[in-house]
Protein chains: 2
Amino acid sequence: MDDLSGPAGPLYQQVYDAVMARIVSGELAPGMMLPSEFDLAAQYAVSQGTARKALSKLELSGLVERHQGKGTFVATTTDETSLFHFFRLRQSDGAQVIPQLVSETVRKRPANAREAAALGLAARASVFEVMRVRSINDAVVCAEQSVLDVVKFPGLKDRGGLPNALYPLYQRSYGITIARADEQLRAVMVPEAVGGMLALADNTPVMEVERRAIGISGGVMEFRLSYYLTQNLHYAVSLR
Amino acid sequence: MDDLSGPAGPLYQQVYDAVMARIVSGELAPGMMLPSEFDLAAQYAVSQGTARKALSKLELSGLVERHQGKGTFVATTTDETSLFHFFRLRQSDGAQVIPQLVSETVRKRPANAREAAALGLAARASVFEVMRVRSINDAVVCAEQSVLDVVKFPGLKDRGGLPNALYPLYQRSYGITIARADEQLRAVMVPEAVGGMLALADNTPVMEVERRAIGISGGVMEFRLSYYLTQNLHYAVSLR
DNA sequence: TTGTGTTATTCTTATACAAGAGTTATTGCA
DNA sequence: TGCAATAACTCTTGTATAAGAATAACACAA
């Protein structure tokens with residue numbers, strides 16, 4: 001029977017925190033089944049209802065999935081959910097479109113000031129830069145530059161072809177789960193370097209998206225700068 | 001004691017639906033106090049815990065606010081929350097900025113095809129068009145065109161100056177609560193008409209935002225087309 | 001293969017008690 | 001009497017527990 005040392009609010013919150021810690025630490029890895037409500041209750045010396053409340057809260061935060069009759073499982077970010085959730089480009093009719101990879105380059109280089117600040121690294125620390133160009137219906141529609149701390153993602157450069165969705169890879173191969181992403185959007189003239197890659201005229205307006213992908217423990221795990229062509233597509237948001 | 005006719009899942013869900021209906025109908029208006037957990041339990045012949053679960057779910061959906069020792073109240077959309085939530089323009093440092101109204105015109109006209117479709121109206125039905133230009137730090141930053149069904153918002157044209165945030169007005173004066181808004185974003189060259197209003201050069205890239213504001217009953221209550229200048233500001237989103 | 005029981009899991013409901021907030025009554029004193 | 005401090009009470013939501021129902025998966029026999 002485990003102990004809930006430290007008076008930290010209600011019991012269910014303490015259980016929530018304890019299980020959360022076990023998920024963050026990797027002891028409970030994505031896809032694994034959690035102890036049942038009764039087991040958890042026994043472990044922390046609380047009632048099943050209290051354990052249940054903690055699990056419900058974890059489900060609400062998106063960290064676990066529950067299925068009646070089966071059990072509770074640590075959430076896994078699948079390619080589908082990851083793409084649907086974090087890739088916001090949609091067709092005019094609102095339909096989801098799956099972008100195809102056109103080109104990809106990975107290199108190691110020092111971070112610039114903005115990237116180092118975003119990732120919480122020292123100036124000019126080593127980072128991996130993943131540069132990708134994507135197309136939809138054979139039309140090139142976006143260029144993405146992802147920047148990652150080499151310490152957190154060792155050997156990324158030598159993996160060869162990366163999957164369409166990067167976040168499931170982060171989770172599977174590096175134990176890093178992306179919980180949310182904050183984005184800053186601007187309408188700008190396409191920068192020269194990007195215009196070359198996408199074969200655009202100089203005066204094309206594009207959407208610039210600056211993303212900070214944040215892990216479950218709260219730190220910025222990836223800094224991404226993207227350029228979207230929004231002639232036939234749009235970026236969809238739902239405010240609620 | 002009220003009856004929960006119609007077998008619709010668990011008891012707490014039936015209570016949730018019943019109370020929801022009372023809110024949508026206006027019987028429970030924004031700001032009003034709901035019956036206590038015990039009263040509600042008595043009304044629907046369930047236990048206090050079951051009524052409590054229904055209320056918690058309503059709170060989760062954002063329809064009510066609960067305060068220990070005080071009671072449960074139908075949520076009111078204040079100017080602050082409305083602005084913060086539905087106005088996504090932020091400064092580079094992420095700080096919220098309050099836009100000031102520069103000009104405003106309201107007129108009645110027939111809806112165009114796109115507006116009629118969005119609002120679920122017949123072609124060329126009468127609508128109010130609210131056209132507003134806003135500034136931040138004395139710099140003009142956006143033009144918004146809101147289109148509303150004249151039937152749902154009678155007398156809007158003759159109200160004189162409208163408040164900075166429209167949604168609290170919809171709620172207070174017309175009993176229409178906006179629950180969420182779906183937006184479609186595109187980077188475009190500023191249209192000529194808009195460029196004139198904002199005093200911009202022809203080739204300025206701006207962000208075009210097409211919004212459908214949706215009421216608690218699910219229908220589109222407002223169609224809005226906005227143009228944002230994103231030279232010194234950005235549109236902030238959090239994906240989770 | 002099909003059906004039936006068994007077991008393990010989450011889900012639903014009910015009850016009791018704790019804690020916060022506001023109102024009313026009472027007390028003490030000038 | 002007037003008034004303020006305070007105590008008691010009542011109404012509210014929050015927390016914890018327990019017991020039974022619903023669901024899913026599996027084993028095993030016909």
Side-chain angles (χ1 to χ4, degrees), chain A residues 1-20 22-23 28 30-76, chain B residues 1-20 22-23 28 30-76:
Chain A
M1 166 171 34
D2 221 318
D3 202 21
L4 296 169
S5 51
L11 284 180
Y12 70 84
Q13 183 63 47
Q14 298 179 39
V15 176
Y16 173 95
D17 291 341
V19 176
M20 165 81 135
R22 288 167 72 177
I23 294 177
L28 293 169
M32 277 179 61
M33 181 178 174
L34 273 70
S36 76
E37 295 179 351
F38 282 100
D39 287 355
L40 215 56
Q43 281 178 41
Y44 295 106
V46 298
S47 76
Q48 173 262 341
T50 301
R52 172 175 178 69
K53 186 154 183 176
L55 289 175
S56 297
K57 240 191 129 179
L58 284 167
E59 182 183 34
L60 205 65
S61 332
L63 270 75
V64 305
E65 290 177 14
R66 322 194 66 196
H67 303 282
Q68 183 171 358
K70 296 175 69 175
T72 303
F73 303 84
V74 182
T76 56
Chain B
M1 162 170 40
D2 222 320
D3 203 21
L4 296 169
S5 52
L11 285 180
Y12 71 84
Q13 182 63 47
Q14 298 178 38
V15 175
Y16 174 94
D17 292 340
V19 176
M20 165 83 134
R22 288 167 73 177
I23 294 177
L28 293 168
M32 278 180 60
M33 183 178 173
L34 273 70
S36 76
E37 295 181 352
F38 281 100
D39 287 354
L40 217 55
Q43 281 178 41
Y44 295 105
V46 298
S47 78
Q48 173 259 343
T50 301
R52 172 175 179 68
K53 184 150 185 179
L55 290 176
S56 297
K57 239 190 130 180
L58 283 167
E59 181 182 34
L60 206 64
S61 331
L63 270 75
V64 305
E65 291 177 13
R66 321 194 67 198
H67 303 283
Q68 183 170 1
K70 295 175 69 176
T72 303
F73 303 84
V74 182
T76 56

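Chain letters run A, B, ... following the sequence lines, proteins first, then strands; residues in each count from 1. Any value given below was found using the heavy atoms of this structure, including those in side chains, with hydrogens, waters and symmetry copies removed.
In terms of the side-chain hydrogen bond (donor to acceptor under 3.5 Å, both in side chains) criterion, residue partners of Ser61(A) (sequence neighbours excluded) are, by chain and number, Tyr16(A). Residues satisfying the side-chain hydrogen bond (donor to acceptor under 3.5 Å, both in side chains) criterion with Lys57(B), sequence neighbours excluded, are Gln13(B). With sequence neighbours left out, Ser47(A) forms a side chain to side chain contact (heavy atoms under 4.5 Å, CB included) with Thr50(A).
You'll find the side chain of Leu55(A) stays beyond 4.5 Å of the side chain of Val15(A), heavy atoms only.
Using a 4.0 Å heavy-atom criterion, one finds that Gly71(A) contacts the sugar-phosphate atoms exclusively.
Relative to the side chain of Asp39(B), the nucleotides dT17(D), dT12(D), dT13(D) differ in distance, and dT12(D) lies closest.
For the OP1/OP2 pair of dG14(D) and a distance below 4.0 Å, the side-chain nitrogens and oxygens of Arg52(B) include at least one atom meeting the criterion. The phosphate of dT12(D) (OP1 or OP2) has a side-chain N or O of Ser36(B) nearer than 4.0 angstrom. Contact annotation: Tyr12(A) side-chain N/O to dT15(D) OP1/OP2 distance is under 4.0 Å.
Within residues 55-66 of chain A, the residues that place at least one heavy atom under 4.0 Å from DNA chain C are, in residue-number order, Arg66(A).
In summary, contact between chain A and DNA chain C, defined as any nucleotide atom under 4.0 Å from a heavy atom of the protein, begins and ends at dT9(C) to dT12(C) in the 5' to 3' direction.
Put simply, CD on Gln48(A) is 11 Å from C1' on dG20(D), counting in whole angstrom units. The separation between Phe38(A) atom CZ and dA18(D) atom P is 10 Å, rounded to whole Å. Nucleotide dT17(D) holds its C1' atom 16 Å from the CG atom of Leu40(A), rounded to whole Å.
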Which atom pairs link the protein and nucleotides 23-28 of chain D when you take only N or O atoms and keep those under 3.5 Å?
residue	atom	partner	partner atom	Å
dT23(D)	O4'	Gln68(A)	NE2	3.4

Report, one line per pair, each donor and acceptor closer than 3.5 Å where one atom sits in a side chain of residues 62-75 of chain A; sequence neighbours left out.
residue	atom	partner	partner atom	Å
Arg66(A)	NE	Thr72(A)	OG1	3.2
Arg66(A)	NH2	Glu37(A)	OE2	2.6

